[in-house]
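Only one structure is covered here, and it is reproduced in the block below.
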Amino acid sequence: MTYKSEFLRVLDERGYLHQITDADALDAAAVAGVVPAYVGFDCTAPSLHIGNLVSIMMLRKLQQSGHKPIVLLGGGTTKVGDPSGKDAGRQLLDDSRIAGNMATIKRIFERFLVFGDGPTDAVMVNNADWLDKLEYIPFLRDIGRHFSINRMLTFDSVKLRLDREQPLSFLEFNYMILQAYDYLELSRRFGCRLQMGGSDQWGNIVNGTDLIRRVDSKDAFGLTTPLITTSDGAKMGKTANGAVWLHEDSLPSYDYWQFWRNTQDADVGKFMRLFTEIPEAEIRRYEALEGAEINTAKKALADAATALCRGPEAAAAAAETARATFEAGEAGGDLPSLSIGADGIGLLDALVGLNMAASKGEARRLIRGGGVKVDDVTVSDEALHLPGAAKLSVGKKRHGVLVAG
RNA sequence: GGAGGGGUGGCCGAGCGGUCAAUGGCAGCAGACUGUAAAUCUGCCGGGUUUUCCCUACGUUGGUUCAAAUCCAACCCCCUCCA
């Protein structure tokens, strides 16, 4: 369908839309005036990762098209600890850790959104502000009465668990209620009329819109994004070292750039639409490239995505390091480095020290398998001693440098 | 509270007294081929080391045994049914 509002038109064109509760009404609302909208984020870690990026970009599009983004951090729910999965012992975070995480997370958002007090400025709130104060009996009476267990049991998040005979604690069962309550609270505080999230959030979001309708007799909307997978079906966002973090303290910009550079051919266009602001016409041109030419497109993707998240300078530095390393065969300045003393260092220790191998045993295996190069020459001597500066490589992609001194 | 089933390496899942650091599969890493892609084939895939050696590991703690992931006991947790 064609949308009248800039907001939905952009989301549609760029591939962000999966489901909308009432597309026509939301479209009309977005034409008529400012729509405050929110996305909730967990704050168990000091950084968000690529999996959150679609939602972040969506908030950015929202603001760019003249609406108000609300970033909701789950300080309250984080404190309780998400009981999902089978390992019961996930540690509970204390207030100071959560506060610390929230501070760094806010810095990520500042790259994507404009915060302030204006009508379309972004705001960031913490659901601990209201969840902490809830009183059980009044909450049950005012809110709990609107939830039917029969219906809750039909939601995928619950149903799948039960069908698979996986544990589902009462606490977790209550998550959807708490999330619905968050939406109600934001509706009251900021006039929030839209909640967005990943497709797995659909049930929770719909609960929120229903609750607002029942309690306050107001219309509220929900919108979800498709689950972003790579073209071979895997969830995106993993590298050799784990999650692709958005904050530079958790993942160097060079690695961030490399993540995008290594996108599969088939995903380049999709990722450009979702994670960059390259104009559609230009994306089409990139998509038309064939064979090895598509590497140009991947570099453009990496440049643009890194510039958005890490800033143009970090992106340029990463791009230059990659160029020097891969195309000129030199050691680029952004590569991980390890300084060594006058005595030099053993090859195994160097590999471990540069995080290029998790253990000496792994380093040995890599050497035996012919995967390690020193200054571009494959080595076979595990006991090799490196006297001074050198470039180390594991495979084709992972490089590091030893710096004398 | 009662009865039954179950807890194994990042995940799934075999093993059910020695030959078990533990079959398979997935994921991951490396090699070959390429384009820092995909697919395919090959190798690796707990840690250490002076590599037919030593640690650590099959929910937890004890016990039986020359020997336990495997048997016994207690405890913890999960699932199903009953109350």
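Throughout, a chain's letter reflects where its sequence line sits, starting with A, and its residues are numbered from 1.
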5' precedence on RNA chain B between A:V352 and A:N295 (nearest-nucleotide basis): A:N295
Pairwise C1' distance, B:G15 and B:C58 [rounded to whole Å]: 10 Å
Base-pairing mate for B:A14 - Watson-Crick or G-U, with both contacts under 3.5 Å: none
B:G46 to B:G24 separation - P atoms, rounded to the nearest Å: 12 Å
Ring centroid separation A:F190 to A:Y38 under 6.0 Å: no
Closest listed nucleotide, where the reference is the side chain of A:W257 and the choices are B:U49, B:U34, B:U36: B:U36
Most 5' of A:R365 and A:E382 on RNA chain B, judged by nearest nucleotide: A:R365
Nearest to side-chain heavy atoms of A:R398, which nucleotide of B:U36, B:A30, B:U49: B:A30
Sugar-phosphate, base or nothing in reach of A:K298, heavy atoms under 4.0 Å: base
Nearest-nucleotide pick for A:N262, side chain only, options being B:U34, B:U36, B:A30: B:U36
B:G7 versus B:C16 - spacing of their P atoms, nearest Å: 14 Å
Spacing of the C1' atoms in B:C33 and B:A39 (rounded, Å): 11 Å
Any-strand Watson-Crick or G-U partner of B:C81, both distances under 3.5 Å: B:G2
Donor-acceptor pair (no angle test) under 3.5 Å: A:R364 side chain, B:U51 base: yes
Sugar-phosphate, base or nothing in reach of A:E293, heavy atoms under 4.0 Å: nothing
Any side-chain donor near an acceptor of the partner, A:Q258 and A:D255, under 3.5 Å: no
Candidate nucleotides B:U36, B:G47, B:A37, ranked by approach to the side chain of A:A322 - the nearest: B:U36
Syn/anti state for B:U70 [syn: chi within 90° of 0]: anti
Charged tip of A:K270 within 45° of A:F275 ring normal and under 6.0 Å: no
Nearest-angstrom distance, C1' atom, B:G17 to B:C12: 27 Å
Check: B:U36 base within 3.5 Å donor-acceptor of A:K299 side chain: no
Between B:C55 and B:A67 - P atom distance, rounded Å: 15 Å
Pairing nucleotide - B:A73, Watson-Crick or G-U, each distance under 3.5 Å: B:U61
Nearest-Å distance once atom P is located in both B:G10 and B:C45: 15 Å
Touch class at under 4.0 angstrom, heavy-atom based, for A:G370 against every strand present: sugar-phosphate
P-based separation of B:U42 from B:C26 [nearest Å]: 12 Å
Test log, rule salt bridge (charged side-chain N to carboxylate O under 4.0 Å, His left out), inputs A:E13 and A:R273: CA-CA 8 Å; A:E13 175 185 298; A:R273 285 187 185 90; over 6 Å; no
Identified pairing partner of B:C20, criterion: Watson-Crick or G-U wobble below 3.5 Å: none
Flag, side chain of A:R14 to backbone of A:M272, donor-acceptor distance under 3.5 Å: yes
Proximity to the side chain of A:V394 - top-ranked nucleotide from B:A30, B:A32, B:U49: B:A30
Value rounded to 0.5 Å, distance of CG in A:L113 from CD in A:Q64: 9.0 Å
Strand partner of B:A32, provided both Watson-Crick or wobble distances fall under 3.5 Å: B:U40
Base-pairing mate for B:C53 - Watson-Crick or G-U, with both contacts under 3.5 Å: B:G48
